[in-house]
> 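Handing you a structure now.
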Amino acid sequence: MGKGTDMARAKARRLKGMKKESDGIALGDERMKAEGRQEQDTARRQEERARALREASDR
């Protein structure tokens with residue numbers, strides 16, 4: 001995959017997690033809120049990895 005593709009997928013996943021968390025808040029569903037937060041955390045780690053890979057390849 002390209003450098004930008006990994007970052008774009010991670011950002012999309014983070015947005016999906018944010019949506020899931022907000023839906024959980026609106027519905028009062030604690031499990032859905034937790035899943036959304038977990039998805040956001042995973043996406044942040046993916047973004048950090050994509051940044052590190054991009055920086056390493058730019059050297």
Side-chain angles (χ1 to χ4, degrees):
M1 279 182 235
K3 298 174 193 175
T5 304
D6 293 337
M7 182 64 80
R9 285 182 185 209
K11 286 184 182 285
R13 186 173 189 168
R14 188 160 48 101
L15 289 172
K16 181 181 170 189
M18 292 169 77
K19 170 93 169 79
K20 188 179 275 190
E21 182 183 9
S22 69
D23 288 349
I25 291 168
L27 297 172
D29 187 338
E30 292 297 320
R31 187 175 126 207
M32 187 181 286
K33 281 176 23 180
E35 287 174 3
R37 284 190 204 116
Q38 183 179 16
E39 199 157 336
Q40 290 175 65
D41 290 341
T42 300
R44 283 188 189 101
R45 286 191 297 275
Q46 289 175 338
E47 287 176 24
E48 290 170 10
R49 182 175 173 264
R51 271 189 216 99
L53 289 172
R54 183 177 5 169
E55 289 173 8
S57 69
D58 287 345
R59 292 182 188 173

> Heavy atoms only: give me the nearest A10-A43 pair and the separation to one decimal.
O-CB, 3.3 Å

> Quick one: pull up CD in E35 and CG in D29 and give me the separation to the nearest 0.5 Å.
7.5 Å

> Counting only heavy atoms not in M32, do more than 12 sit closer than 6.0 Å to its CE atom?
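Enclosed: over 12 neighbouring heavy atoms sit under 6.0 Å from CE of M32.
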
> If the threshold is 4.0 Å, N to carboxylate O, is there a salt bridge linking R51 and E47?
yes

> Starting at CD of Q46, measure out to CE of M7 and round the result to the nearest 0.5 Å.
10.5 Å

> Just wondering, do K19 and L15 contact through their side chains at under 4.5 Å, heavy atoms?
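They are not in side-chain contact.
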
> Let me confirm one number: the CD-CD distance from E21 to Q38, rounded to the nearest 0.5 Å.
12.0 Å

> Less than 4.0 Å between a side-chain N and a carboxylate O, is that true for R44 and E48?
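Not counted as a salt bridge, because no side-chain N and carboxylate O are separated by less than 4.0 Å.
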
> Rounded to the nearest 0.5 Å, what separates atom CZ in R54 from atom CG in D6?
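If I round to the nearest 0.5 Å, the distance is 9.5 Å.
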
> Are the side chains of K16 and E39 in contact, using a 4.5 Å heavy-atom criterion?
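The answer is yes, as the side chains (C-beta and beyond) meet within the 4.5 Å cut-off.
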
